[in-house]
Amino acid sequence: MPTFVYMTSCDGCGHCVDICPSDIMHIDPVYRRAYNIEPDMCWECYACVKACPQNAIDVRGYADFAPLGHSVRVRREEEKGTISWRVKFRDGTEKNFLSPITTKPWGKCIPKLKDEIGPSDAMKESQHLYSEPKYIRMDEGDVATLESNKLTIKLGVYY
Amino acid sequence: MFTTNHFAELSASIPISIIQAYVLAMIALVAGGTIYDVIHKQSAKYFFNAVKKSEANASRNIAAPEKLSLAIHTVASDILTSSEFCNPNRRIAHLLGMYGFVVYLISTIVMVFAYPDPEMTTPSLWPALWALGALMVCFGGYWFWFFIRVDVSAEGQSPFRVRRADLFILSLLASTTLGLIWAYSQSVGSGFWSIVLLSLYLIATTVLFGGVPWSKFSHMFFKSAAAFQKKTANANGSMNNLPRPADRTDPDDRDRHSMELLKDAPLNMGLGIKRERPNHY
């Protein structure tokens with residue numbers, strides 16, 4: 001379900017406006033606080049919910065993981081490199097999750113794409129995507145397959 | 001300009017009782033406007049409901065002394081130092097505007113009510129504070145208006161696009177700017193322009209104080225209530241249903257299977273999206 005903003009918590013900093021991939025988080029012309037201008041167009045990507053430094057944006061989670069009447073809230077702590085979720089069901093049951101959002105300090109391991117050598121003409125003519133052979137380990141022999149890794153696939157539907 | 005009580009000088013042409021009545025009328029407008037705003041927007045009802053909801057979800061009770069301590073902390077942190085703002089520039093601009101306005105307001109009241117007579121000597125401190133307060137408001141306000149305002153900084157709009165949300169900041173800036181120019185024109189003895197500027201100054205000031213129900217003037221009241229409510233919710237464990245802050249030194253968090261990849265990572269990972277200002281419009 002689309003996002004909504006608690007006006008009393010919002011400080012109108014613009015982080016959600018900046019991050020919304022759908023460009024539907026805007027600033028209210030009367031109160032200068034953020035609001036979702038077009039809930040129908042919300043992808044429910046949670047980008048604004050996670051980015052809000054005031055935790056002022058809320059969203060109702062999908063019915064497939066919690067029935068109506070629940071609350072799902074998130075706290076993103078980038079200095080700690082963590083994101084926490086708290087799902088509170090309508091009967092009071094709680095589920096708390098904690099996960100990393102980065103495993104290296106922010107900004108320290110950015111790929112130096114500028115320093116990469118560009119593709120040769122032969123590579124441009126090839127069916128492979130740029131740098132694909134390297135990343136699918138063709139350089140180390142051949143494409144990694146189930147067979148080359150001595151794995152088998154069981155046919156049929158199974159659980 | 002910085003040492004003369006302009007209101008006492010003004011009393012030569014306008015009876016001081018009228019000037020004093022105007023100031024009292026402005027105070028009444030703010031009080032009345034705020035009460036109307038609270039009733040109309042049902043903000044008091046909202047906060048009472050939020051308190052009830054928070055108490056229903058509380059994991060611990062807060063005793064009266066702790067509530068008092070939270071209230072003191074709210075005043076010291078959220079109100080006096082505007083700690084809510086995550087953008088430091090915005091916080092500085094807000095503090096300049098807030099303290100400038102308070103100084104400007106107090107010095108105006110003192111000069112109008114304590115030293116209304118041109119025969120009385122007004123201590124030079126008060127006119128200086130009045131001008132300093134107005135200058136602080138102008139500095140913080142214009143900085144906010146042209147550079148920090150979210151419409152400009154995050155939405156990429158022209159700084160000259162005016163919306164209803166600008167009523168408060170624009171009337172405040174108009175009041176202090178015109179007040180300063182009027183004081184200057186009076187100090188250099190420009191009779192005609194003094195009258196014109198005084199009229200504009202009074203219009204801007206009336207809009208500022210009379211526009212409370214339509215502007216965000218009353219944010220000074222409801223933002224304080226919101227800050228207190230947030231602190232109370234954190235203290236009683238309900239935390240507005242938010243997860244508790246992570247603690248990577250706590251074995252409960254550190255040893256979770258989901259946190260395995262962060263086991264050897266530094267405790268402070270630095271800033272992610274906060275490294276950049278939100279202005280990628």
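This one's a predicted model, so the numbers in the text were calculated from it and none came from an experiment. Throughout, protein chains are lettered first and strands after them, A, B, ... in sequence-line order, and every chain is numbered starting at 1.
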Taking it one step at a time, do A:D11 and B:R90 satisfy side chain to side chain contact (heavy atoms under 4.5 Å, CB included)?
-> CA-CA 10 Å; A:D11 80 341; B:R90 194 164 163 217; 4.0 Å; yes

Rounding to 0.5 Å, atoms CD (A:E77) and CE (B:M269) come to a distance of 13.0 Å

May I have the step-by-step check of side chain to side chain contact (heavy atoms under 4.5 Å, CB included) for A:R86 and B:R244, ending in yes or no?
-> CA-CA 8 Å; A:R86 184 182 185 190; B:R244 67 173 174 78; over 6 Å; no

For B:K274, is it the side chain, the backbone, both or neither that has a heavy atom under 4.5 Å from a heavy atom of chain A?
-> both

Between A:E79 (side chain) and B:G270 (backbone), is there a donor-acceptor pair under 3.5 Å?
-> no

Heavy atoms only, distances under 4.5 angstrom: which of B:D264, B:D247, B:D166, B:L167 has the most pairs with chain A? Name it, please.
-> B:D166

Side chain of B:N241, backbone of A:S71: donor and acceptor closer than 3.5 Å?
-> no

Interface moiety of A:K104 toward chain B, non-hydrogen atoms closer than 4.5 Å = backbone

For B:M259 and A:T82, which heavy atoms make the closest approach, and how far apart are they?
-> CE-CG2, 3.5 Å

When the 4.5 angstrom heavy-atom criterion is applied to B:L267 and chain A, the contacting part is backbone

B:P243 and A:R75, any side-chain heavy atoms less than 4.5 Å apart = yes

Please assess A:R32 against B:H219 for the test side chain to side chain contact (heavy atoms under 4.5 Å, CB included), listing each intermediate value before the final yes or no.
-> CA-CA 11 Å; A:R32 188 150 288 132; B:H219 74 285; over 6 Å; no

Checking heavy atoms, do the side chain of A:I83, its backbone, both or neither come under 4.5 Å from chain B?
-> neither

Check B:E84 against A:Q54 and note the closest heavy-atom contact, atom names and distance.
-> O-NE2, 2.7 Å

Check whether A:V74 gets within reach of chain B through its side chain, its backbone, both or neither, counting any heavy atom under 4.5 Å.
-> backbone

Residues, nucleotides or ligands: over 12 heavy atoms within 6.0 Å of B:D250 CG | yes

When you measure from the side chain of B:R163 to the backbone N and O of A:V30, does any donor-acceptor pair fall under 3.5 Å?
-> no

From B:H280 NE2 over to A:D18 CG, what is the distance, rounded to the nearest 0.5 angstrom?
-> 5.5 Å

Return the option, out of B:K216, B:M239, B:R149, B:H257, with the maximum number of heavy-atom pairs under 4.5 Å with chain A.
-> B:R149

Between the CZ atom in A:R73 and the CG atom in B:L242, the distance rounded to the nearest 0.5 Å is 4.0 Å

Under 6.0 Å from the CZ atom of A:R60, do we count more than 12 heavy atoms belonging to anything else shown?
-> no

Near B:Y36 OH, under 6.0 Å, is it more than 12 heavy atoms from other residues, nucleotides or ligands?
-> no

With distance as the sole test, does B:E155 use its side chain to make a donor-acceptor pair with the main-chain N or O of A:I27 at under 3.5 Å?
-> yes

Select one option (side chain, backbone, both, neither) describing which atoms of A:C20 are under 4.5 Å from chain B's heavy atoms.
-> neither

Side chain / backbone / both / neither for A:P29 at chain B, heavy atoms under 4.5 Å | both

Roughly how far, to the nearest 0.5 Å, is the CG atom of B:L262 from the OG1 atom of A:T102?
-> 7.5 Å

Counting distance only, does the side-chain N/O of A:T8 pair as donor-acceptor with the main-chain N or O of B:A226 below 3.5 Å?
-> no

Quick one: pull up CZ in B:F168 and OH in A:Y31 and give me the separation to the nearest 0.5 Å.
-> 15.0 Å

A:D91, CG atom: more than 12 neighbouring heavy atoms under 6.0 Å | yes

Between the OH atom in A:Y6 and the CG atom in B:N240, the distance rounded to the nearest 0.5 Å is 7.5 Å

A:A51, part contacting chain B, at a heavy-atom distance under 4.5 Å = both

Determine, stepwise, if the pair B:V150 / A:C13 fulfils side chain to side chain contact (heavy atoms under 4.5 Å, CB included).
-> CA-CA 6 Å; B:V150 70; A:C13 67; over 6 Å; no

Do B:R164 and A:D28 touch side chain to side chain, with heavy atoms closer than 4.5 Å?
-> no

Does the side chain of A:K80 reach to within under 4.5 Å of the side chain of B:P245, using non-hydrogen atoms?
-> yes

